[in-house]
Amino acid sequence: MSKKLLLKDAHIEGIRYLETYRKQGGYTAAEKALKMTPDEILEEVKTSGLRGRGGAGFPTGMKWSFLAKPEGVPRHLVVNADESEPGTFKDRYLMEFLPHLLIEGMLISSYCLGSNVSYIYIRGEYSWIPDILEEAIDEAKAAGFLGKNILGTGFDCEIYVQRGGGAYICGEETALLESLEGKRGNPRLKPPFPAVKGLWERPTVVNNVESIAAIVPIIDITGAEYAKIGVGRSTGTKLISACGNINKPGVYEIDMTITVEEFIYSDEYCGGIPNGKKLKACIPGGSSVPIVPANLLLKTVNGEPRYMNYESLADGGFATGTMMGSGGFIVLDEDQCIVEHTMTLARFYHHESCGQCTPCREGTGWMHKILKKIEKGEGKMEDIDLLWDIQRKIEGNTICPLGDAAAWPVAAAIRHFRDEFEWHVKNPELCLTQNYGLANY
Ligand code: NAI
Ligand code: SF4
């Protein structure tokens with residue numbers, strides 16, 4: 001059984017409220033942290049090996065150490081709660097059931113980074129969660145954990161919740177900052193990174209909800225103990241939101257030493273595939289990461305079991321591996337059509353492209369159009385090569401990673417399931433989507 005650090009109290013009735021959270025030891029990590037110096041906290045976070053849980057896996061301690069500290073310029077912590085990656089819903093769970101864990105993590109992080117005003121930027125569609133967060137903020141403030149002179153330390157901190165307007169691109173950190181400043185959410189060119197020039201051009205750390213929540217157990221048990229959990233550079237625990245063709249969809253906390261097979265088939269996690277169907281493929285890290293067929297999902301290129309961690313999932317690079325990403329684990333059984341699935345994703349990325357760069361704005365539209373044609377049974381063999389060519393021209397040629405995120409699912413689908421694309425071209429009369437009318441989607 002995986003060790004639980006974040007969700008250990010999630011089942012306790014009333015844990016959303018301060019009184020119950022305190023009874024379970026809540027805010028003792030903050031009390032401990034506020035007696036430490038900011039540099040000591042930073043050392044703990046670095047020692048823990050925590051990697052950003054939003055998807056990129058960038059070392060959190062390193063990001064914090066990059067924060068510029070010019071004299072007299074305010075600094076900010078911004079929590080990225082714009083969780084919009086298809087298949088990803090772990091931050092929603094954390095915020096809905098354990099809001100004080102996030103607030104406590106924010107208090108410790110804000111103190112460490114020197115942020116007196118910190119923000120939570122939350123996905124607009126999570127319409128019921130800001131009230132939960134604001135209630136928790138009010139409770140924390142009334143108890144002296146936020147506001148002026150927190151716990152008599154002289155440190156002041158306010159937290160504000162900002163609702164997004166429903167655009168996926170605002171989860172990209174620089175688009176998020178633009179939106180938080182009240183502008184259209186267009187990504188900025190990096191560098192400069194937000195750590196140097198972020199919100200209102202001030203040094204800013206943008207971290208995912210789960211990363212900030214993980215700061216609480218790191219301070220609680222120490223960075224060194226946190227680093228002992230997991231394996232290699234995949235330290236600590238990771239939340240996985242599992243969905244698709246599985247018996248038990250939900251949010252699971254794993255310690256990154258379990259195999260993919262165990263995660264899919266064990267009763268502790270996904271509980272297997274309904275109706276005894278066979279596993280066809282999986283997208284383990286949210287829709288932006290490459291799809292992997294079952295044979296490569298259960299073992300690495302070296303024939304080792306594939307584990308649920310950053311390194312093992314990526315084994316083989318883009319040719320045979322995938323990515324841990326945001327931990328949005330989507331399982332597809334033998335009945336799923338890869339072409340239809342890829343078409344649906346292509347539509348999503350086309351719809352969500354901000355339109356600033358030509359390869360993304362035009363390329364995502366072309367990919368959707370061609371995929372729709374193939375799915376409807378109107379495609380030609382050369383369309384498959386055209387599709388391959390377009391995705392290659394998008395990858396690496398755009399301002400933000402949405403371009404890559406749109407290209408990779410198409411590349412991986414053609415690489416691993418080219419026979420299915422060819423089948424659609426050769427058997428137009430059998431293309432089910434045509435009969436169901438789904439290709440107009
Ligand atoms: P990135 O690799 O560009 O950056 C990661 C973080 O490290 C950023 O905060 C960046 O500012 C910081 N960083 C990197 N180099 C730095 C340097 N030299 N100095 C200072 N800071 C530095 O990745 P990005 O664009 O932040 O995230 C992409 C990932 O987001 C994708 O892999 C995808 O899995 C994930 N994603 C997650 C979503 C969700 O709903 N959770 C939605 C869409 C994408
Ligand atoms: Fe906008 Fe796409 Fe360019 Fe990102 S890659 S800046 S979403 S057009």
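Counting convention: from 1, in listed order, for ligands and their atoms alike. Because the structure is a prediction, the values reported are computed rather than measured.
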Practice task
Kindly indicate, with the supporting measurements, whether the criterion side-chain hydrogen bond (donor to acceptor under 3.5 Å, both in side chains) is fulfilled by T37 and D39.
Solution key: CA-CA 5 Å; T37 65; D39 282 347; 5.5 Å; no
Dump all N/O pairs between ligand 1 and the protein below 3.5 Å as a table: atom names plus distance, one pair per row.
from, atom 1, to, atom 2, distance (Å)
ligand 1, 9 (O), K63, NZ, 2.6
ligand 1, 9 (O), E173, OE1, 2.6
ligand 1, 9 (O), E173, OE2, 3.2
ligand 1, 11 (O), E173, OE1, 3.4
ligand 1, 11 (O), E173, OE2, 2.5
ligand 1, 40 (O), S84, N, 3.1
ligand 1, 40 (O), E85, N, 3.0
ligand 1, 41 (N), G54, O, 3.2

Practice task
Check atom 4 (Fe) of ligand 2 and write out every protein N, O or S atom at under 2.8 Å, as residue and atom.
Solution key: C400 SG
Exercise for the section: Compute the ring centroids of F66 and F193, then answer whether they are less than 6.0 Å apart. Expected result: no
Handout entry: Side-chain touch Y349/S287, heavy atoms, less than 4.5 angstrom
Key = yes
Practice task
Evaluate the ring planes of H350 and H368, with Trp represented by its six-membered ring, and classify them as parallel (under 30°), tilted (30 to 60°) or perpendicular (over 60°).
Solution key: tilted
Problem - E268 atom CD, neighbour heavy-atom count above 12 within 6.0 Å - result: yes
Handout entry: Within the 6.0 Å centroid threshold, strictly below: F348 and Y168
Key = yes
Handout entry: Residue pair E96 / Y126, side-chain donor-acceptor N/O under 3.5 Å
Key = no
Exercise for the section: Report yes or no: do Y21 and E104 form a side-chain donor-acceptor pair below 3.5 Å? Expected result: yes
Practice task
Would you mind reporting whether W64 and T60 have side-chain heavy atoms less than 4.5 Å apart?
Solution key: yes
